[in-house]
S.K.: 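The structure that follows is given in the form of structure tokens.
If you read the sequence from its start, that first residue is 1, and numbering goes on from there. Start at 1 and go down the list; that is how both ligands and their atoms are numbered.
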Amino acid sequence: MKRFLSMILVLSMLVMCFALTACNNTTTEEETKTPAEDAVKPEENKTSEEEKPEEETPVEPVAKEKLVMATNAYFQPYEYYDGDKIVGIDAEIAAAIAEYLGMELEISDMNFDSIITAVKTGTVNFGMAGMTVTEERLQEINFSISYASGVQSIIVKEDSAITTPDDLYVEGASQKVGVQLGTTGDIYASDDFGADRVVQYENGNNAVLALLSGDVDCVIIDNEPAKALVAANEGLKILDTSYAEEDYAICVAKENTELLDKINEAILALTANGKIAEIVAKYIK
Ligand code: ARG
């Protein structure tokens with residue numbers, strides 16, 4: 001009997017032991033499972049609960065009025081493509097002007113000689129393209145205060161016989177001059193050397209390709225784009241003596257004096273706070 005009792009005791013202890021172990025295991029399993037599951041489920045619930053009200057009552061952003069700028073984005077460092085984005089001095093100054101006016105900037109890329117027409121006809125609000133202020137252009141559109149100055153330079157091949165602008169004016173000279181259509185380089189060169197010596201290209205890059213292939217003997221273009229073109233193509237140089245000096249400004253339709261006033265106010269403010277100088281310094285070292 002004693003033996004029987006002690007056997008029962010041993011058995012029941014064993015059962016208790018198993019039960020405890022089982023219990024412990026369950027606890028352990030639950031402990032590891034639960035936090036992992038908890039971490040997902042309540043999160044999911046939270047997200048849907050927290051996001052729903054936002055989706056149902058979205059905060060309406062106040063739509064900013066658009067300010068459309070016309071440019072010709074083959075004119076580094078003023079406007080050029082970085083991937084599919086137009087960047088550069090003009091693009092950044094225009095963005096700063098739009099921000100100052102609480103407006104949203106949109107840039108429309110087109111041929112340089114289409115910009116004034118686009119501004120005049122109201123297809124765009126203003127033109128900004130390293131555009132030089134000239135008397136002829138002032139007959140058609142208004143210009144803002146000048147925000148930068150430019151210089152017309154002459155690009156030649158490194159071994160060119162042209163060493164100074166004077167070489168182009170010599171009696172009987174016949175060198176061909178490449179320019180970007182409709183630019184001051186085009187206008188001045190046609191006046192100075194005659195239209196038959198001037199070859200117009202859609203952009204400065206094409207004019208430089210023509211110079212490299214010998215179709216023209218030099219290219220007249222603004223100095224900063226000239227530097228970028230010479231840096232990107234081997235065997236070219238810029239003559240030390242420049243061809244002309246000029247001021248760049250933004251053009252606006254004659255009747256849109258309200259926008260012109262706003263742009264001028266923005267240019268003055270962005271000059272005073274150093275923003276324009278900061279943008280220029282970022283692109284012209
Ligand atoms: N400054 C010159 C002009 O007004 C050339 C400007 C060319 N600009 C351009 N984005 N391609 O005629």
S.K.: Show the atoms of ligand 1 that are less than 4.0 angstrom away from any heavy atom in Gln180.
M.R.: 7 (C), 11 (N)
S.K.: Below the 3.5 angstrom mark, is there an N/O of Thr183, backbone or side chain, next to an N/O of ligand 1?
M.R.: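 N/O-N/O distance below 3.5 Å does not exist for this pair.
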S.K.: Write out the residue and atom name of the closest protein heavy atom to atom 8 (N) of ligand 1, then the distance separating them to 0.1 Å.
M.R.: Ala129 O, 2.7 Å
S.K.: Using modelled atom types only, decide if a donor and an acceptor are shared between the side chain of Ser144 and the backbone of Ala249 within a distance under 3.5 Å.
M.R.: no
S.K.: Check whether any heavy atom of Gly150 sits under 4.0 Å from an atom of ligand 1.
M.R.: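 The answer is no, since Gly150 has no heavy atom less than 4.0 Å from ligand 1.
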S.K.: Donor-acceptor pair, distance only, cut-off 3.5 Å: does the side chain of Arg137 make one with the backbone of Thr132?
M.R.: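 Yes, because the side chain of Arg137 sits within donor-acceptor range (under 3.5 Å) of the backbone of Thr132.
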S.K.: Are the charged groups of Lys66 and Glu106 less than 4.0 angstrom apart, N to O?
M.R.: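 Yes.
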S.K.: Does Glu278 pair with Lys275 as a salt bridge, N-O distance under 4.0 Å?
M.R.: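 Yes, Glu278 and Lys275 are salt-bridged.
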S.K.: Tell me the contacting part of Asp222 for ligand 1: side chain, backbone, both, or neither, using a 4.0 Å heavy-atom threshold, strictly below.
M.R.: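 It is the side chain that gets close, since no backbone atom is under 4.0 Å.
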S.K.: Is there a path of hydrophobic side-chain contacts, each under 4.5 Å between heavy atoms, that joins Val179 and Met131?
M.R.: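 Val179 does not cluster with Met131.
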S.K.: I need the atoms of ligand 1 closer than 4.0 Å to a non-hydrogen atom of Phe75, numbered in the order shown.
M.R.: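 Those of ligand 1 that fall under 4.0 Å from Phe75 are 5 (C), 6 (C), 7 (C), 8 (N), 9 (C), 10 (N), 11 (N).
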S.K.: Going by the order shown, which atoms of ligand 1 are within less than 4.0 Å of some heavy atom of Glu246?
M.R.: 1 (N)
S.K.: Is any N or O atom of Thr184, backbone or side chain, closer than 3.5 Å to an N or O atom of ligand 1?
M.R.: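 Such a contact does occur with ligand 1.
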S.K.: Taking Ile89 as the starting point, is it possible to reach Leu229 by hopping between hydrophobic residues whose side chains are less than 4.5 Å apart?
M.R.: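 Cluster IDs for Leu229 and Ile89 match.
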S.K.: Is Glu92 salt-bridged to Lys282, going by a charged N under 4.0 Å from an acidic O?
M.R.: yes
S.K.: Among Gly130, Gly185, Pro225, which one puts a heavy atom closest to atom 6 (C) of ligand 1?
M.R.: Gly130
S.K.: Hey, does Tyr74 sit under 4.0 Å from ligand 1 if you only count heavy atoms?
M.R.: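 No, Tyr74 has no heavy atoms under 4.0 Å from ligand 1.
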S.K.: Looking only at protein heavy atoms, which one is nearest to atom 11 (N) of ligand 1, and what is the separation?
M.R.: Asn72 OD1, 2.8 Å
S.K.: Give the contacting part of Arg137 toward ligand 1: side chain, backbone, both or neither, where contact means a heavy-atom distance below 4.0 Å.
M.R.: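 Arg137 to ligand 1: side-chain contact only, backbone stays beyond 4.0 Å.
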S.K.: Is the gap between the ring centers of Phe75 and Phe112 under 6.0 Å?
M.R.: no
S.K.: Just by distance, do the side chain of Ser242 and the backbone of Ala244 share a donor-acceptor pair under 3.5 Å?
M.R.: no
S.K.: Counting each atom of ligand 1 from 1 as listed, which ones have a heavy atom of Tyr248 under 4.0 Å away?
M.R.: 1 (N)
